[in-house]
Amino acid sequence: MDWYILIQQLINGLTLGSVYGLIAVGYTMVYGIIGMINFAHGDVYMVSAYLTAISIAVFTFFGISSIPFLLLCTVIITIAITSVYGWAIERVAYRPLRDSTRLAPLISAIGMSLVLQNYVQLAQGARNQGVPTLIDQVFRIGDGDAFVQITYLQIIIISVSVVSMILLTFLIHKSDLGRRCRATQQDRIMAGILGVNTDRIISITFVIGSAMAAIAGVLVTLYYGSFDFYVGFITGIKAFTAAVLGGIGSLPGAMLGGIILGLSESLFSSFVNTDYKDVFAFSLLVLILIFKPEGILGTPETEKV
Amino acid sequence: MTTPLLDINGISAFYGPIQALRTVSLHIDTGEIVAIIGANGAGKSTLLMSIFGHPRISGGEIRYNNVDISGTPTHRIAAMGLALVPEGRRVFPAMTVAENLLMGATPVNDRSGDADLDRVYQLFPLLKERRKQRAGTLSGGEQQMLAIGRGMMSRPTLLLLDEPSLGLAPIIVQRIFQTLRDIADSGVTICLVEQNANHALRLADRAYVLVNGDIKMTGSGSELLGNPDIRRAYLAGA
Ligand SMILES: Nc1ncnc2c1ncn2[C@@H]1O[C@H](COP(=O)(O)OP(=O)(O)OP(=O)(O)O)[C@@H](O)[C@H]1O
Ligand SMILES: [Mg+2]
């Protein structure tokens, strides 16, 4: 094995992993606060990919030619609209079932996932969609055949993910809002008795998760350039795997799980078999659920959210 | 006659088919210390929790300051001046002591949090020493102090406590009841639920006896303390 291939794969894996981590935040926070797996979260991410493409097209049409400004507008719009989706899904599909059985919101989530896929397929067509390449510069290290290259976009993806995670961690651990989120997660009824509007906190959790998924959606769409209405399923399951791997309910666990999954998937596809890389992630999920369902950081005492 | 601070009027409460409260009526006047005593499963916790809408009552009314609050959303009630120190303390285990206290200040919008913190640290100096410790790692007595301190953070008019002496050593119970006396002297109205009636009846101006979800007896603290039936039922070993 050549060292530069290994390093290249680690860089690719880190890129992929930080994106999984961003999406995993949505699964883990929602699970932490209402104990349900939001199966529609992957499709919220998928919606954000479409919003990215639409925003880029619209803003370009209106003559925004500076690429940083175009991307900034795209990120803001995509985050805003995706958050509305996340918020609305909770209001419409989960909140009315809050006090029923544990199974009901899960089934509702699967329904919501199908609704989103079909709605996007009808509205946007089943074809692959794409966005133009906006950032194509690369760093190249090494010479001749032995080189490693890092695209600017990879650097952007990794740094935006890291900054987002740091800001989120700060919000959760240092702000009044974050304290209320943690209280709601640890004892929802008691938080309510102390004056916390727990319904609003739950809404905010969905908004935060969707916003993180939207950031991931913009980044991945720029990275791969193409997507379809089905990307939410595969990416969603992988991000869910990341959340479970890190310990579902744990915020640092989501990021750690994402990075471990990204790295191992990348190494697997380059050194074992590319065609089976999705199967690899699913097998990993099954193995964790069997042998270590609490994940790496998810011991019962661990602080969640 | 002035209107009571809290006026509970014929309330019933159910958990599915189980009726936990059967048309309970009681009242608490401003400045009083009222005790509610009853055996396991009598409905004491249900009574206190139903004031906050868990469970919602299915008959009767709960008037606070002459306003019916039985349909008020849970999170609005604390802001009206009620605070609950619940059964089992229910501190947030993964938060620090200071964060737990700040949660208690939610109804007053975290304003003047520092002054409120100081007041609570004066009541329980130990909490100040432990302010950075995770609440889940506190001893039972320390958690109880924290739960009471958290309740005081919203500067309540009416403090409701559910078995604050449960599982604590006699010396700690003594300390906690002394603090409750101090809190009452500072002008807070107190409603205290206890299974172990000895301390509660000594502290209380008035008391109610709850049996099977129903008020069976009422009187001043000393009257009930002297009642042989009460002594037999609730003061065993005291
Ligand atoms: N969440 C619940 N679901 C079903 N039944 C409940 C629930 N909580 C309480 N009950 C029932 O309601 C009745 C009253 O319970 P409650 O907890 O109010 O009693 P208590 O007087 O506080 O008892 P203790 O002294 O043991 O705390 C009991 O029969 C109990 O089994
Ligand atoms: Mg009780």
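Residue numbers start from 1 in every chain, and the chains themselves are labelled A, B, ... in the order their sequence lines are given, proteins ahead of strands. Values reported hereafter were calculated over all heavy atoms of this structure, with side chains retained and with hydrogens, waters and symmetry mates removed.
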Mind jotting down which residue pairs meet the side-chain hydrogen bond (donor to acceptor under 3.5 Å, both in side chains) criterion with at least one end in residues 99-111 of chain A? Sequence neighbours excluded, please. none
Please list, chain by chain and in numerical order, all residues satisfying ring-ring contact (aromatic ring centres under 6.0 Å, His included) with B:Phe177, sequence neighbours excluded. B:His199
Roughly how far, to the nearest 0.5 Å, is CD of A:Gln186 from CE of B:Met95? 5.0 Å
Tell me whether A:Phe170 at atom CZ has more than 12 heavy atoms from other residues, nucleotides or ligands lying less than 6.0 Å away. no
Just to be sure I understand the criterion: a residue of residues 32-47 of chain B counts if one of its heavy atoms is under 4.5 Å from a heavy atom of chain A. Which ones qualify? none
Kindly check if the number of other-residue, nucleotide or ligand heavy atoms within 6.0 Å of CZ (A:Arg95) is above 12? yes
Rounded to the nearest 0.5 Å, how far does CE of A:Met190 lie from CZ of B:Phe52? 7.5 Å
More than 12 non-hydrogen atoms from neighbouring residues, nucleotides or ligands closer than 6.0 Å to CZ on A:Arg200, yes or no? no
Determine the minimum heavy-atom distance between B:Pro107 and A:Leu194, stating which atoms define it. CD-O, 3.2 Å
Shortest non-hydrogen separation from A:Ala183 to B:Met103 and the atoms involved: CB-CE, 3.4 Å
If contact means a heavy atom pair closer than 4.5 Å, which residues of residues 68-90 of chain B contact chain A? B:Thr74, B:His75, B:Ala78, B:Leu84, B:Pro86, B:Arg90
